[in-house]
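Excluded from the calculations below are hydrogen atoms, water molecules and symmetry mates; all remaining heavy atoms, backbone and side chain alike, are included. Proteins get letters first, then strands, A, B, ... in listed order; numbering begins at 1 in each.
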Amino acid sequence: MEGLRLNLNALKPAAPKTDAVQATVKRKAKAKTAEPIEESWRKIFAMKLSDADRKRLTEVKAAMDAGNLARDPADCVNKAGNPKAFSKAEALRLWKTLQEAQREETLRQMVENTPDNYWLITTEARLDEFLALLDNEEEIVFDVETTGADTWEDRIVGNVISAVKANIHAYIPTKHVTDAPQLPHDYVMEKLKPIYEDASVKKIAHNGKFDIHMLSHEGVTLRGLAWDTQFAMHILNENERVTGGSYRLKDLVTKYLGIPSQTYDELFGKAGFHEVADLNVALAYAAKDGDVTLKLRNFQCEHLRKIGLLEYYEQVENPTIGVSVEMEAAGFVLDIEKAKTLGAELKAELVDIEEGLRSHFGEINFNSPAQLSEKFFDELKLDRYLPNGFKKSTDVKTLKLLAPHHEGIKLLLSYREKTKLLGTYIEALPQQVKADGRIHGNFNQTGTVTGRFSSNNPNLQNQPYFARKLFVAPPGQVILSGDFSQQEPRFLSHFTGEEVLVNAYREGRDLYSTAASELFGLPIEECGDGSKYRKMMKTGILAVMYGTGPKTLADQLGITEQEAKDFIAQFYEKYPKVKAWIDGNEQFAKRYGYVQMLHGRKRRLPEAKSRDRFTQFRAMRQATNAIIQGSAAIQTKLTMIELQKLCRRKGWTMAFSVHDEVAVYAPETLTREDVADFEAVMLNTLRLDVPNKTDIEISRRWGEGFTVDEWFKTKGDD
DNA sequence: ATTGAGAGCCAC
DNA sequence: AAACGTGGCTCTCAAT
């Protein structure tokens, strides 16, 4: 009650005072008595705070109000011995103290409350007893504990296995730094290997990709992965991250199972798990992972079945995990010599460019939008060359408008291009090479809301052609890649059933030329490659899929907004099935708050029900785009799964995927028949109402591909 | 030194 | 007033 009254008092606004009086009060407060802590809190919370800081500060205040946390007396006075006001910095320091105390208490409680069915296995006899249990198991949970989170540098220090039927969750430490007894690492791995490699024992994991890579480093090939709770959750709620959540195990079980769980970082910080010397602590933490993963799997299974997506998970998402593992493990050889050469060339060019820029603009940082903006618009008044109301930005679009009026701007555009290439690609890529000499980019199956992959460390999906030259197939192998030709427009045709579009594809005619000729009533010859009508139609169809408005479309095509509006209106009039399909998607989204793509996969769009018109409008654009983009992603995934089977038969390796492109490593001795087999999988795995088309390339170096005919012709000439 | 936000730009 | 969907990386700048 007392605390509550204090809080209420603190919320009352102070009586208004003149500035001079306020200043005096402030000085007095500083000189004699510290300001009341409630006043300090009021000021702190009035500051602009990041979400993380606000959350931490709230925790600190709650702990202090409850009397569980107090200021360090040393922080209450300054050097002169005068009272010091409570600051945000001090509060955040207190948060760390609080975390540390809570951390120790949590670990103590975890150990004290370790369930009887958590087994710490440190003797041969106990391991044998456990292995006998596993003989009766059809499925197990597995999880490896490691020295750290780097897939390619860290190593296993212990194995977690849950025996599902027996309801035993075991931790087998092998490489902890401790005086306590542990079984020898190699002995344990040998014993577990047959179980890990037995595909008839179904495996359950959370982000099992990491564990599978780790086991692979030990010479163990995991088989029978049946459920991954991270990826299953992404099918249940693809918006987890968008709404401030995460797909970390601990966050999911806390949120969905109501089991309070703290993340590894919260409990152990940056320490590797091998540094946990108390094996009872290790057991309490590690075995719980197996325990909650199993509980989460059961929860997800029930809910996926309820919404009819269990089959989708099992047939599309789950088998894709093995493909990601194979692609990540394969990686790329990076041509470091070429990176050095290209880097040196770019740097030399940049020396001259920078000198030129300095002569135009003086000593400013050309990478700083703030400094450039001041120079261009405040000093040089270059905005006089921009259309009325055009934003005073320093992005490429704006710079291109300014370029004809100032030589320095042209130079800056070139500077931008070269520094981007150098900094983001040419110089950054060699740093990503791992101990095994390869680049292993990460393919993230839960990275996008539509079901596409995302990629990072490095992002293999946004490499410019200039940089792709640095990525080389492993020795003796080539990159055999297939690119779905016009994948998304084909899905548009498929879903809408619009005859002109469908027939153009069925008859192997060019979609954009055909539609342009129809819409504008012109002979097909005038709508060929490079014609403005074809370009307009192409941009227009993409605009339909992306929900582009008339203003942006006008900008893209260099026509007036009215012309763009007319074009869109004509397009819909001529192709009513397209219009009807889009309208249907939007009505569905507004009514149910989601849309569905191929195989029923959902894109939840709660904003479709928003009463804010702009918010709802944004959801409307996403509705149609998500169906097309997401369905295309499903086609790519299913194709990858089939290609992996082809790889097994041929002795090839899955290499990478960039949304509508899939690539494998094949020996450079591959034949035309091999290529035909590859193409058949691309074309036939998922058939639509329109035929698929794919462009095949063969290369030793990514982005320097040959067509099939070119490749075999040069081979013949050798 | 590290963190977080914003600007800008690479890909499909 | 907004009017192009899905991502990740690098740099600046201001904060601690």
Are a donor atom and an acceptor atom from the side chains of A/Thr615 and A/Asp612 found within less than 3.5 Å of each other?
-> yes
Please state whether the phosphate of [N], meaning OP1 or OP2, lies under 4.0 angstrom from any side-chain nitrogen or oxygen of [X].
X	N	value
A/Gln371	C/dC13	yes
A/Thr394	B/dG8	yes
A/Tyr415	B/dC9	no
A/Asn365	C/dT12	yes
A/Thr448	C/dG7	no

Tell me which nucleotide among [options] gets nearest to the side chain of [X].
X	options	value
A/Phe614	C/dG5, C/dA3, C/dC9	C/dA3
A/Thr450	C/dT6, B/dC9, C/dG7	C/dT6
A/Asp660	B/dC12, B/dC9, C/dG8	B/dC12
A/Val658	B/dA7, B/dC12, B/dC10	B/dC12
A/Asn459	B/dA11, B/dC12, C/dC9	C/dC9
A/Asp395	C/dG8, C/dG5, B/dG8	B/dG8
A/Ser368	C/dT6, B/dC12, C/dC13	C/dC13

Establish whether the base of B/dC9 is bridged to the side chain of A/Arg416 by a donor-acceptor pair shorter than 3.5 Å.
-> no
Answer with yes or no whether A/Asn367 presents, from its side chain, a donor or acceptor under 3.5 Å of a partner atom in the base of C/dC11.
-> no
For [X], answer base if it contacts any base atom (sugar-phosphate contacts may also be present), sugar-phosphate if it contacts only those atoms, and nothing otherwise; contact means non-hydrogen atoms under 4.0 Å.
X	value
A/Ala543	nothing
A/Gln463	sugar-phosphate
A/Asn444	nothing
A/Lys420	base
A/Gln629	base
A/Ser455	sugar-phosphate
A/Arg621	sugar-phosphate
A/Thr624	nothing
A/Phe366	nothing
A/Phe617	base
A/Arg468	sugar-phosphate
A/Gln487	nothing

State whether [X] and [Y] are salt-bridged, where the test is any N-O pair (Lys NZ or Arg NE/NH1/NH2 against Asp/Glu carboxylate O) under 4.0 Å.
X	Y	result
A/Glu488	A/Arg452	yes
A/Arg103	A/Glu266	no
A/Asp335	A/Lys469	no
A/Lys270	A/Asp265	no

Quickly work out the [X] [atom1] to [N] [atom2] distance and round it to whole Å.
X	N	atom1	atom2	value
A/Met545	C/dT6	CE	C1'	13 Å
A/Leu553	C/dG5	CG	P	14 Å
A/Arg603	C/dG7	CZ	P	8 Å
A/Glu417	B/dC10	CD	C1'	11 Å
A/Leu460	B/dC12	CG	P	13 Å
A/Leu542	B/dC12	CG	P	13 Å
A/Ile582	C/dA3	CD1	P	19 Å
A/Ile628	B/dC12	CD1	C1'	14 Å

Kindly assign one of parallel, tilted or perpendicular to the pair A/His440 and A/Trp152, based on the angle between their ring planes and the thresholds 30° and 60°.
-> parallel
Can you check whether A/Leu686's main-chain N or O pairs, donor with acceptor, with A/Gln635's side chain at less than 3.5 Å?
-> yes
Are the aromatic rings of A/Phe656 and A/Phe443 close, with centres under 6.0 Å apart?
-> no
Of A/Glu427 and A/Val242, whose nearest nucleotide on DNA chain C comes first from the 5' end?
-> A/Val242
With rounding to whole Å, what would you report as the distance between C/dA1 and B/dC9 at their C1' atoms?
-> 25 Å
